[in-house]
Amino acid sequence: QVQLVESGGGSVQAGGSLRLSCAASGYTYSANCMGWFRQGPGKEREGVAVINPYGMTRYGDSVKGRFTISQDNVKKTVYLQMNSLKPEDTAMYYCAARWRDCNSGSWSKTQDFPIWGQGTQVTVSS
């Protein structure tokens with residue numbers, strides 16, 4: 001059974017930083033695209049950032065220059081370093097994975113990711 005477990009969420013003031021972690025377990029083979037999505041109050045779930053096993057990354061326009069996705073392939077863990085946080089970054093953040101490479105088709109459609117974690121809440125106050 002494949003599992004993704006997120007951690008690292010919390011509350012922070014605007015301008016602050018948080019680092020999220022997503023630990024994968026139960027894989028018998030590696031996912032070719034892992035990443036983060038988020039869903040704010042009253043909003044649809046949106047893609048934040050993804051990374052493939054070779055380190056290629058993609059970011060949503062609203063987080064470029066502020067968020068950095070990285071990975072530890074040995075630990076099967078993906079990280080999201082979030083700097084210069086804004087109140088509009090407040091959301092439930094979900095880790096997701098798929099076997100199709102991040103470069104294949106769209107990287108930000110939730111329906112293309114079959115594996116999801118349960119999410120971790122990030123709250124940014126002004």
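Numbers for residues simply follow the sequence, beginning at 1.
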Lys75 backbone acceptor or donor facing Thr77 side chain under 3.5 Å: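 Yes, because the side chain of Thr77 sits within donor-acceptor range (under 3.5 Å) of the backbone of Lys75.
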Under the 3.5 angstrom rule, does the side chain of Thr90 hit a backbone N or O of Pro87 as a donor-acceptor pair?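 The answer is yes, because a donor-acceptor pair under 3.5 Å joins these two groups.
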Could you identify which residues cluster with Val74, counting Ile, Leu, Val, Met, Phe, Trp and Tyr as linked when any side-chain heavy atoms lie under 4.5 Å apart, either directly or through a chain of such contacts?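 Taking Ile, Leu, Val, Met, Phe, Trp and Tyr as members, Val74 stands alone, with no cluster partners.
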At their closest point, which heavy atom of Pro53 faces which heavy atom of Gln71, and how far apart are they?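 Taking every non-hydrogen atom into account, O-NE2, 3.4 Å.
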Going through the checks in order, is the side-chain contact (heavy atoms from CB on, under 4.5 Å) test met by Arg38 and Val63? CA-CA 11 Å; Arg38 68 184 182 185; Val63 305; 4.0 Å; yes
Reference residue Thr110; test side chain to side chain contact (heavy atoms under 4.5 Å, CB included); the match among Glu46, Gln39, Arg45: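 Considering Glu46, Gln39, Arg45, a side chain to side chain contact (heavy atoms under 4.5 Å, CB included) with Thr110 is found only for Arg45.
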Any non-hydrogen side-chain atom of [X] less than 4.5 Å from a side-chain atom of [Y]?
| X | Y | value |
| --- | --- | --- |
| Leu80 | Thr68 | no |
| Thr57 | Val50 | no |
| Asn52 | Asn32 | no |
| Met34 | Cys22 | yes |
| Gln81 | Ser17 | yes |
| Leu85 | Phe67 | yes |

In the single-linkage hydrophobic clustering (I, L, V, M, F, W, Y; side-chain heavy atoms under 4.5 Å), do Phe37 and Leu4 co-cluster?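 The answer is no; the residues belong to distinct hydrophobic clusters.
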Would you kindly confirm whether Ile51 and Trp99 end up in one hydrophobic cluster when ILVMFWY residues are joined by side chain heavy atoms under 4.5 Å apart?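 Yes, because Ile51 and Trp99 connect within a single hydrophobic cluster, where side-chain heavy atoms sit under 4.5 Å apart.
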What pairs meet the disulfide (SG to SG under 2.5 Å) rule with one or both residues in residues 97-126, with sequence neighbours excluded?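 Matches after skipping sequence neighbours: Cys33-Cys102.
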Roughly how far apart are Leu18 CG and Tyr93 OH, rounded to 0.5 Å?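 Those atoms lie 9.0 Å apart.
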In Å and rounded to the nearest 0.5 Å, what is the CH2 to CE distance from Trp36 to Met82?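 Here the interatomic distance stands at 8.0 Å.
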Please confirm whether Arg19 makes a cation-pi placement over Tyr79, using NZ or CZ under 6.0 Å from the six-membered ring centre and within 45° of the ring normal.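 Satisfied, under 6.0 Å and within 45°.
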Stepwise side-chain contact (heavy atoms from CB on, under 4.5 Å) check, Asn103 with Arg58: CA-CA 9 Å; Asn103 271 327; Arg58 295 281 181 88; 2.7 Å; yes
When the side chains of residues 111-126 are checked against the rest of the protein, which donor-acceptor pairs come out under 3.5 Å, sequence neighbours left out?
{"residue": "Trp116", "atom": "NE1", "partner": "Phe113", "partner atom": "O", "Å": "2.7"}
{"residue": "Thr120", "atom": "OG1", "partner": "Gly9", "partner atom": "N", "Å": "3.1"}
{"residue": "Gln121", "atom": "NE2", "partner": "Ala91", "partner atom": "O", "Å": "3.4"}
{"residue": "Gln121", "atom": "NE2", "partner": "Thr123", "partner atom": "OG1", "Å": "3.4"}

Given salt bridge (Lys or Arg N to Asp or Glu O under 4.0 Å), test Lys86 with Asp89 step by step and report yes or no. CA-CA 5 Å; Lys86 305 175 181 180; Asp89 294 318; over 6 Å; no
Kindly determine whether Tyr59 and Val48 satisfy side-chain contact (heavy atoms from CB on, under 4.5 Å), including the steps that lead there. CA-CA 6 Å; Tyr59 293 93; Val48 176; 6.0 Å; no
Might you work through the side-chain contact (heavy atoms from CB on, under 4.5 Å) test for Tyr94 and Glu6, ending with a clear yes or no? CA-CA 7 Å; Tyr94 297 91; Glu6 304 98 332; 4.1 Å; yes
